[in-house]
2 protein chains.
Amino acid sequence: MTPPPELAPLEVSESPVDKFREYLEIRGEKLTEQRRKLVDHIFNSHKHFDADELVSDLRHSGSRVSRSTVYRTLRLMVDAGLLRELRLTNRTAYEHNYGYPSHDHMHCTGCGTIVEFRNDSIRRIREEIGDQFGFRADNHRFIITGMCPECLRARSRRRKLDQI
Amino acid sequence: MTPPPELAPLEVSESPVDKFREYLEIRGEKLTEQRRKLVDHIFNSHKHFDADELVSDLRHSGSRVSRSTVYRTLRLMVDAGLLRELRLTNRTAYEHNYGYPSHDHMHCTGCGTIVEFRNDSIRRIREEIGDQFGFRADNHRFIITGMCPECLRARSRRRKLDQI
DNA sequence: TTACATGCAAACACTTTGCAGCTGA
DNA sequence: TCAGCTGCAAAGTGTTTGCATGTAA
């Protein structure tokens, strides 16, 4: 099975670290060693992650950043527009929001896989609904839940075995 | 300001309690006093609620149902198809799923208000995307976040005052 | 009669916070 | 220099669970 195609990154003029530095400067805050490590690590790969994975990933790669700092920095990065929060389960998952096109998600209830997709109609519908209710529609989350192809196959295999 | 129009309930052949009883019977479980109280209370009004509100609402109306029982029963009611979970914030919110048409939500980031709406295109898009990726698309959540009319007005009032 | 449910308290999982010492600008 | 940051441990918050007792069928 080929992995689902990743969406192509957007062209952005500043690097994530620069964008973060800018945000911090405006608020009179500092770009520390730990914050830089976090931004670098996060934007080094494009995947969904949570606070816990971040702590252990960094620990394994030799950089120790405390759990509290991870949580504090994640909040800053969301405020800075670098990350977006996804609340699919009890723990908060994050994804890139900077240098990456807006998109929606399919979530497999079997294995937890998240697949991203783009669909331009959604945004139009969002505006229509907002107008209709007098809302200023700033953003949206559209999450399709169901079974991914792998899980569907696994299930039908299991059923066949049960019949023997 | 008139409240947003509620969606009209669907015609259903069984009452929520009957539907729950049926579900419990199949699994060899029991319809207890507490479970009946919870179902009655929940389907007595149509609103979004969380476990905590349920505990205190019931306490105020004289029926004591323990927090653990509330959590356990909510899970059962979700499994039974009576309720749906919404994860808008840290705590899990619930809404009617039985005898109520499927719909989506607008969530005001100012005051937390939830407004329901129906839009038939969404479901069609959900199927299209599912087909495209080989997913069996069972369900979806579409949440528009933004500012409700009241919060927009309150904000513009505040701005005017700031200028004085 | 008895398998299942309840309430309590304790455990759990995730996240936030107070504080003493450290550090980037 | 010193406001702001870090790590630690402790506290919060929301939810789940083990167990003795209670109860629907």
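Each chain gets a letter, A, B and so on, in the order the sequences are listed, and its residues count up from 1. Just so it is clear, the model here is predicted, and its values are computed rather than measured.
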Note to self: With nearest nucleotide decided by heavy atoms, which residue, E29(B) or N90(A), maps closer to the 5′ end of DNA chain D?
What the structure shows: N90(A)
Check: Which listed nucleotide (dG7(C), dG7(D), dC4(C)) is nearest to the side chain of K30(B)?
Finding: dC4(C)
Notebook entry, point to check: Nearest-Å distance, CD (E25(B)) to P (dA5(C))?
Noted result: 13 Å
Next item on the list: Grab the CG-C1' distance between D52(B) and dT15(D) for me, whole Å please.
Entry: 11 Å
Item checked: Options dC8(D), dA25(D), dT15(C), nucleotide nearest the side-chain atoms of R64(A) -> dC8(D)
Margin query: Taking the minimum atom-to-atom distance to the side chain of R35(B), which one of dA5(C), dT15(D), dT15(C) wins?
Written below: dA5(C)
Checklist line | Centroid separation H96(A) to F43(A) less than 6.0 Å | finding: yes
Notebook entry, point to check: Just how far, in rounded Å, is P of dG4(D) from OH of Y23(A)?
Noted result: 14 Å
Next item on the list: Look at all strands and tell whether R72(A) reaches a base, only sugar-phosphate, or nothing, counting heavy atoms closer than 4.0 Å.
Entry: base
Next item on the list: Tell me which nucleotide among dG7(C), dG14(D), dG7(D) gets nearest to the side chain of S66(B).
Entry: dG7(C)
Next item on the list: May I ask you to check whether R27(B) and Y23(B) show a side-chain donor-acceptor distance below 3.5 Å?
Entry: yes
Check: Rounded to whole angstroms, how far apart are CZ on R21(A) and C1' on dG24(C)?
Finding: 12 Å
Check: Are H48(B) and Y94(B) close enough that their ring centers fall under 6.0 Å?
Finding: no
Notebook entry, point to check: Which whole-number value in Å describes the distance from R87(B) CZ to dT13(D) P?
Noted result: 20 Å
Checklist line | Rounded distance in Å - CZ (R67(B)) to P (dC8(C)) | finding: 11 Å
Item checked: Among dG7(C), dG14(D), dG4(D), the one nearest Y71(B) by side-chain distance -> dG14(D)
Notebook entry, point to check: If you check the T92(A) side chain, which of dT6(D), dT15(C), dA25(C) turns out closest?
Noted result: dT15(C)
Margin query: Which is more 5' along DNA chain D, the nucleotide nearest R75(B) or the one nearest T69(A)? Just name the residue.
Written below: T69(A)
Checklist line | Phosphate OP1/OP2 of dG4(D) contacted by T32(A) side-chain N/O (<4.0 Å) | finding: no
Check: Which residue, L86(A), I143(A), N90(A), L88(A), forms the side chain to side chain contact (heavy atoms under 4.5 Å, CB included) with R87(B)?
Finding: N90(A)
Item checked: Interatomic distance, Q34(B) CD vs dT23(D) P [rounded to whole Å] -> 9 Å
Item checked: Distance-only donor-acceptor test, S68(A) side-chain atoms vs dC8(D) base atoms, 3.5 Å -> yes
Notebook entry, point to check: Side chains of R126(A) and H140(A): donor-acceptor distance under 3.5 Å anywhere?
Noted result: yes
Notebook entry, point to check: What is the distance, rounded to the nearest whole Å, between atom CZ of R27(B) and atom P of dC4(C)?
Noted result: 11 Å
